[in-house]
Every structure is written in structure tokens, then in C-alpha cells.
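See structure below.
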Amino acid sequence: MPDGAIFADTQAEPASVYKWLDWLETQLPYPLYRVTKGSLSDAALKMRVTKDGRKFSTTDIPFFTLSAKGVKGKIPNRSCTFDFKISPITKELRKLAAIKRGQKEVTVTSYIGISWDEWHRCKPSRDAWVQSRWPLIELRMERRHCLEWMEKNGYPKPPRSSCVYCPFHSPTEWRRLQTEEPEEFEKAVQFEKAVQFEKAVQSVKSQTRENFHSTPFLHRSCVPLDQIDFRSDFEMGQLDIFAADHSCEEGMCGV
Ligand code: SF4
């Protein structure tokens, strides 16, 4: 039995996830700790300025990019998962398990819910005092097996946890958000517009790369979110083809 569960809140999850979490908390036989570094949206939109007037943001989301010459790309050095998920979770773990400075001895086991169909997302722990385990991998359970298990045991269907505007969304997830949670989809649309405005002058860290002088988008087509027809066969057909690179490889988002 785990001693507790930790939820790192980016403050940008859809309403369905927060509702689910409230329900889940009433079901779990162990405490649920909610931690947050604040609003990821605010951090991504807050631009800092260097002495010579160039703008940069301290947290990068994995946007797709389109240069003035029409070249598509992707921001390579995203930091949102580390800053807003891994780091707050590690901080809470340190506190709960009373980890000493410089500790190497393993005293914490971290269970991460990556399913068998996403095994490539499993990574060893960054900290010597934590050993990671992936129970769904050990049980060879794919996402569909989890959903079947929930249904068989009389539980509701769980939503997938990730920010409403995450560029890792599959076309199916965009479509689900658009039809089932239109207010959340609209938040993503507005976020894309805001980030395009704020990042018009790009990061000083990346000034030598063409992509960073480009316009950020949430969808790989580099078409504004509210202009994409997620019902089209082409869009929906991309789900499986691109499933692997539509995942957060840090293994913390979307579980
Ligand atoms: S869900 Fe997406 S946008 Fe949110 S922290 Fe994870 S990778 Fe970043």
C-alpha cells in the first residue's frame, strides 16, 4: 500500500481532471497531496527582458513553430514538465520522506502509472534515493485494459491528465476537448493567441536558431487551433501514426 499519492497541479488541467481528482480523493485509502508551482499559463506568458531589450520566458512549452519562410519546427528544450511536475513532486517527496541532503540510500519507491503501450516513456529516477516502479508495465496492462478494469469494477471512466493546451495532445484528445469540454478547448484557443502575441519577440536563449524567430502553435500542422477540423479523416487518422511522439517522454504528463 502506498503511503500517499502526489498530484502536481499546473493549474491548467481541464475541469474534468479536477472533478475526477476530487472524487478520487474520496476513494483512496491513502492521502492525496496536491502540490503546485503556480500557474504554468502565467509562467509561459510572462516574458522577461534582457538589458539589450530581448525577451525570453523562463518556462518553455513544447510548441510547434512556423518560421517566416514557412519552415515548420518544434521547440526542443521544453521545461514545463520539469518545472511544474517533476520538481514540485520531488520537493514534496523530500519533505514527506525526510530525505537528507546528499542522501544516496534508496528510501522511496515511486509508482508511476505509465501503461504497457507507452513503455518507451519509462525512465529511471533522477534521484539516488528514489527507485521507480511502473505497476502497469509489470502487469502488462495497456490503457484499454485500465479502462476495462475500471468499467468491470463499476468505476467511472477516468480523464487523461494534461494541460488543456498541451501540444502533445493527439487529434482524438483535441476532438474530445472540443466536443466534451468546449470551455476548456476555448481556453486552449485563447492561450495559443496570447502566446503568439507574447512570443512575437523570441527567447534570447534561442536567438541563433531559426525556429525561435518563428510563430508558436499548439498543433503540429501550425494552423490555429480554432481553424482545424478535428473530425476529418485525415486528422483522426494521424492518431496512431504519431501516438509515440505525442507523448511526454518525461513520463509525468498524461498518466
Ligand atoms: S501536459 Fe504538456 S504543457 Fe503541461 S506540463 Fe506536461 S508537457 Fe507541458
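Remember, it's 1-based here, ligands and their atoms both numbered in the order they're listed.
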Checklist entry - Does Glu138 have any side-chain hydrogen bond (donor to acceptor under 3.5 Å, both in side chains) partners at least two apart in sequence or in another chain, and if so, which? => result Arg133
Checklist outcome for this item: The atoms of ligand 1 lying under 4.0 Å from a heavy atom of Ser162, numbered in the order shown, are 1 (S)
Item to check | Mutual orientation of the aromatic rings belonging to Trp149 and Tyr155 [parallel < 30°, tilted 30-60°, perpendicular > 60°] | outcome: parallel
Item to check | Atoms of ligand 1 close to Phe168 [distance to a heavy atom under 4.0 angstrom, numbered from 1] | outcome: 7 (S)
Checklist entry - Between Arg94, Lys104, Glu105, which is the residue that forms a side-chain contact (heavy atoms from CB on, under 4.5 Å) with Trp129? => result Arg94
Item to check | Residues in side-chain hydrogen bond (donor to acceptor under 3.5 Å, both in side chains) contact with Thr107, at least two apart in sequence or another chain | outcome: Gln103
Next on the checklist: Just checking: Cys163, one of its N/O/S atoms, less than 2.8 Å away from atom 4 (Fe) of ligand 1, yes or no?
Outcome noted: yes
Next on the checklist: So, 2.8 Å as the limit: is an N/O/S atom of Cys166 located closer than that to atom 2 (Fe) of ligand 1?
Outcome noted: yes
Checklist entry - Looking at Arg78, which atoms of ligand 1 are within less than 4.0 Å of one of its heavy atoms? => result 7 (S)
Item to check | Candidates Phe63, Tyr165, Phe230, Phe64 - the one meeting ring pair (Phe, Tyr, Trp, His ring centres under 6.0 Å) with His219 | outcome: Phe230
